[in-house]
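These numbers were taken from a predicted model, which means no experiment stands behind them. The figures here come from the full heavy-atom set of this structure, side chains too, leaving out hydrogens, waters and symmetry mates. This chain uses plain numbering: 1 for the first residue, then up along the sequence.
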Amino acid sequence: MQHALSPCCSVSGAPGAALTQRCGTDWWSTHHHPGDNDSAPSDPADPSAIELTKDVVTVLFTDLEGFTRLTEALPLERTAAILGQYYDALLSVAKATGGRVDRFIGDGAMLYWSRTRHGPPHADRAVAAVGLLREALARQEPHKGDRIAAGLPVRFGVHTGEVMFGQIGAGDTSRTMVGDVVNVAFRLQQAAKALAPRPVDGGLRGYVSRETTRHLTADRPTGTFQILALPGRRHAALAQRM
């Protein structure tokens with residue numbers, strides 16, 4: 001996974017379009033929606049003008065497996081084309097489920113669905129997004145011979161928990177969310193490296209945490225929970241493959 005922060009939060013036009021739009025880490029633009037009870041702060045650049053708020057969210061972390069190694073051998077144009085397909089797939093899934101792209105971090109991405117915006121089904125939407133992403137990757141047309149699902153599997157992790165939204169530190173880029181849920185979702189995505197690919201995966205494999213399944217209001221994924229030791233955490237996580 002490449003960790004350079006991408007300066008965009010969407011890709012317009014054909015795959016590989018210039019990545020020039022502002023990243024989705026701006027909290028007010030990603031978390032506030034018309035009709036919310038809050039009014040926009042008069043000076044969003046002032047940390048004191050943005051109140052920290054608590055919410056329950058379901059986070060989806062994704063990562064392109066093998067992308068860092070591939071970029072060593074590819075021209076920049078092809079690298080951008082592959083990322084463009086990947087971003088387009090994620091953005092279409094976010095739009096279809098009402099989710100938000102918090103950020104793109106190179107070949108990694110973080111999406112979320114909140115209880116404040118979506119009500120109790122926020123976890124259902126995240127789980128549905130996994131299925132839609134699998135479909136989106138499978139039906140993408142190759143761009144100059146490149147197709148994500150053909151050679152670059154995508155890993156994911158889904159987890160649910162409390163976060164704080166708002167201004168963390170100084171500067172525009174510090175408006176985001178913090179909470180253990182973000183770390184767990186990221187670690188679950190990393191744990192998916194150990195999963196052997198299956199034909200039914202469609203190039204997408206990963207884990208959904210037990211906490212997320214507890215928040216589901218509709219059908220729950222079938223399968224047994226595994227005990228996963230996640231790096232940097234004292235307690236193991238319970239998750240099932242999806």
Asker: Determine, using ring centers only, whether F156 and F186 are less than 6.0 Å apart.
Answerer: no
Asker: Just by modelled atom types, is the A218 backbone N or O under 3.5 Å from a matching donor or acceptor in the D124 side chain?
Answerer: yes
Asker: How many angstroms lie between NE2 in H159 and OG1 in T212, if you round to the nearest 0.5 Å?
Answerer: 6.5 Å
Asker: Within a reach of under 6.0 Å around CZ of R69, are more than 12 heavy atoms found that belong to other residues, nucleotides or ligands?
Answerer: no
Asker: Give the intermediate values and the outcome of side chain to side chain contact (heavy atoms under 4.5 Å, CB included) for residues I82 and L74.
Answerer: CA-CA 10 Å; I82 293 174; L74 287 182; 3.7 Å; yes
Asker: With clusters defined by side-chain heavy atoms of hydrophobic residues (ILVMFWY) lying less than 4.5 Å apart, directly or transitively, does V181 cluster with L228?
Answerer: no
Asker: Can a donor-acceptor pair be found between the side chains of H122 and S114 at a distance below 3.5 Å?
Answerer: no
Asker: Decide yes or no on side chain to side chain contact (heavy atoms under 4.5 Å, CB included) for M177 and M110, but give the supporting numbers first.
Answerer: CA-CA 11 Å; M177 70 171 78; M110 174 179 161; 3.3 Å; yes
Asker: Which residue is it: T160, T58, T97? I am looking for the one with a side chain to side chain donor-acceptor pair (under 3.5 Å) to W113.
Answerer: T97
Asker: For the pair D201 and R241, find out whether any cationic side-chain nitrogen is under 4.0 Å from an anionic carboxylate oxygen.
Answerer: yes
Asker: Is there a path from L132 to L91 through hydrophobic residues (I, L, V, M, F, W, Y) whose side chains come within less than 4.5 Å of each other?
Answerer: yes
Asker: Side chain to side chain contact (heavy atoms under 4.5 Å, CB included) for E162 and K54? Distances and angles first, verdict last.
Answerer: CA-CA 7 Å; E162 284 190 332; K54 184 180 290 186; 3.6 Å; yes
Asker: Apply side chain to side chain contact (heavy atoms under 4.5 Å, CB included) to the pair R117 and R100, showing each step before the final yes or no.
Answerer: CA-CA 10 Å; R117 175 165 171 77; R100 296 282 167 175; 3.8 Å; yes
Asker: Do V93 and Y207 share a hydrophobic cluster, counting only Ile, Leu, Val, Met, Phe, Trp and Tyr and linking them when any side-chain heavy atoms are less than 4.5 Å apart?
Answerer: no
Asker: Atom CD in Q240, atom CD in Q226: separation rounded to 0.5 Å?
Answerer: 9.5 Å
Asker: Table please: side-chain donor-acceptor pairs of residues 230-239 below 3.5 Å, with sequence neighbours left out.
Answerer:
from: R233; atom 1: NH1; to: D180; atom 2: OD1; distance (Å): 2.7
from: R233; atom 1: NH1; to: D180; atom 2: OD2; distance (Å): 2.7
from: R233; atom 1: NH2; to: D180; atom 2: OD2; distance (Å): 3.4

Asker: Indicate, with yes or no, if L188 and L133 share a hydrophobic cluster defined by side-chain heavy-atom contacts under 4.5 Å among Ile, Leu, Val, Met, Phe, Trp and Tyr.
Answerer: no
Asker: Is there a ring-ring contact (aromatic ring centres under 6.0 Å, His included) between F165 and Y112 once you walk through the steps?
Answerer: CA-CA 12 Å; F165 280 104; Y112 72 91; 5.5 Å; yes
Asker: For the residue pair G166 and L52, what are the closest heavy atoms and their distance?
Answerer: CA-CD2, 3.7 Å
Asker: Treating Ile, Leu, Val, Met, Phe, Trp and Tyr as nodes and any side-chain heavy-atom pair under 4.5 angstrom as an edge, say whether V158 and L195 lie in one connected cluster.
Answerer: no
Asker: Which atom pair, heavy atoms only, marks the closest approach of A94 to L111?
Answerer: CB-CD2, 3.9 Å
